[in-house]
Participant: 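Dropping a structure here in C-alpha cells format, bear with me for questions.
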Amino acid sequence: MRAFHIPSVGDIHHPEAFVTGVLRNFTAAAQMLGAAIDTLQLRLAHEGHGLDPSYQIGTADGVDAVAFSGTTHEPLFDDVTGHIAEDRLSDATYTAEHVRAWLDQIRGGGPGDALSPGMRGETSY
C-alpha cells in the first residue's frame with residue numbers, strides 16, 4: 001500500500017480517499033464562500049496519530065474558510081464561519097492544483113517519481 005507523508009502533519013493513511021475528498025471539497029468551499037476555486041487555499045490540521053487530518057479551505061487571507069473532517073469530509077461546524085484553531089493548522093498552504101497533482105501521483109506515479117511540494121510517497125507493507 002502506498003502512503004503519503006506531509007512533514008508538518010504526518011502520514012496520510014488513506015491517500016486516494018483523502019485526496020479525492022479534499023479535491024471535491026474545493027468545489028463545495030467555493031460555492032459556500034462565493035469564491036473561485038483557483039483563489040482558495042488548503043491548510044491541514046495537526047491530528048492524533050493514525051488519523052487523516054481535518055482541513056480548512058479558504059481565502060488566502062484566511063478570513064473566509066470552511067473546515068472539514070479529514071475522515072468524513074463533512075463540514076466540522078454548522079456555521080461556515082467556524083474555523084479550526086490557528087495553532088492546530090500547519091503553516092503550509094496548497095492549491096487545488098497541488099491536490100490534483102497529488103491525486104495524479106497516487107493513481108499512476110511510480111515510486112521514483114517526484115511528488116508535489118510537501119508530499120513524500122512511501123511504499124509500506
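The model shown is predicted, which means the values in this text are computed figures rather than measured ones. Residue numbers start at 1 and run along the sequence shown.
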Participant: Once you round to the nearest 0.5 Å, how far does NE2 of His14 lie from OG1 of Thr71?
Facilitator: 10.0 Å
Participant: Answer yes or no: is there a donor N or O on one side and an acceptor on the other, between the side chain of Arg43 and the main chain of Ser90, under 3.5 Å?
Facilitator: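 Yes; at least one donor-acceptor contact below 3.5 Å.
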Participant: What distance separates Gln31 CD from Phe26 CZ, expressed to the nearest 0.5 Å?
Facilitator: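 Between Gln31 CD and Phe26 CZ, I get 14.0 Å after rounding to 0.5 Å.
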Participant: Are Leu40 and Leu44 in one and the same hydrophobic cluster, where Ile, Leu, Val, Met, Phe, Trp and Tyr link if side-chain heavy atoms are under 4.5 Å apart?
Facilitator: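 Cluster IDs for Leu40 and Leu44 match.
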Participant: Which pair of heavy atoms, one from Ala96 and one from Leu23, lies closest together, and at what distance?
Facilitator: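 Scanning both residues, the minimum pair turns out to be O-CD1, 3.9 Å.
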Participant: Which atom names give the shortest non-hydrogen contact between Ala67 and Gly82, and what distance separates them?
Facilitator: CB-O, 4.1 Å
Participant: Could you tell me whether a side-chain N or O of Gln56 sits under 3.5 Å from a main-chain N or O of Ile84, the two making a donor and an acceptor?
Facilitator: yes
Participant: Return the minimal non-hydrogen interatomic distance between Ile37 and Ala30, and the atom names on each side.
Facilitator: CG1-CB, 3.6 Å
Participant: Using the ring of each side chain (for Trp, its six-membered ring), is His73 parallel, tilted or perpendicular to Phe18, with breaks at 30° and 60°?
Facilitator: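 Taking Phe18 first and then His73, their aromatic rings sit tilted (interplane angle of 30° to 60°).
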Participant: Report yes or no: do Tyr94 and Phe68 belong to one cluster of Ile/Leu/Val/Met/Phe/Trp/Tyr joined by side chain heavy-atom distances under 4.5 Å?
Facilitator: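 Tyr94 clusters together with Phe68.
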Participant: Which heavy atom in Ala45 sits nearest to a heavy atom in Pro53, and how many Å separate them?
Facilitator: O-CB, 3.2 Å
Participant: Please give me the minimum heavy-atom distance between Thr20 and Arg107, naming the atom from each residue.
Facilitator: OG1-NH2, 3.9 Å
Participant: Rounded to the nearest 0.5 Å, what separation is found between the NE2 atom of His98 and the OG1 atom of Thr93?
Facilitator: 8.0 Å
Participant: Just wondering, are more than 12 heavy atoms of other shown residues or ligands nearer than 6.0 Å to CG in Asp91?
Facilitator: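 Open.
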Participant: Step by step, would you call Ile57 with Val66 a side-chain contact (heavy atoms from CB on, under 4.5 Å)?
Facilitator: CA-CA 5 Å; Ile57 298 173; Val66 182; 5.6 Å; no
Participant: Assess the residue pair Leu103 and Glu16 against the criterion (side-chain contact (heavy atoms from CB on, under 4.5 Å)); give the C-alpha distance rounded to whole Å, side-chain angles, the decisive distance to 0.1 Å, and a yes or no.
Facilitator: CA-CA 7 Å; Leu103 188 57; Glu16 187 166 1; 4.1 Å; yes
Participant: Nearest heavy-atom pair of Val19 and Ile106: which atoms, and what distance?
Facilitator: CG2-CD1, 3.7 Å
Participant: Give the C-alpha distance, both sets of side-chain angles, the deciding distance and a yes or no for side-chain contact (heavy atoms from CB on, under 4.5 Å) between Tyr55 and Asn25.
Facilitator: CA-CA 10 Å; Tyr55 54 95; Asn25 278 337; 2.7 Å; yes
Participant: In this structure, would Leu33 and Val22 fall into the same cluster of hydrophobic residues linked by side-chain contacts under 4.5 Å?
Facilitator: yes
Participant: Applying side-chain contact (heavy atoms from CB on, under 4.5 Å) to Thr59 and Thr39, what does each step give before you reach the verdict?
Facilitator: CA-CA 6 Å; Thr59 57; Thr39 66; 5.7 Å; no
Participant: Please tell me whether Leu89 and Val80 are part of a single hydrophobic cluster in this structure, the criterion being side-chain heavy atoms less than 4.5 Å apart.
Facilitator: no
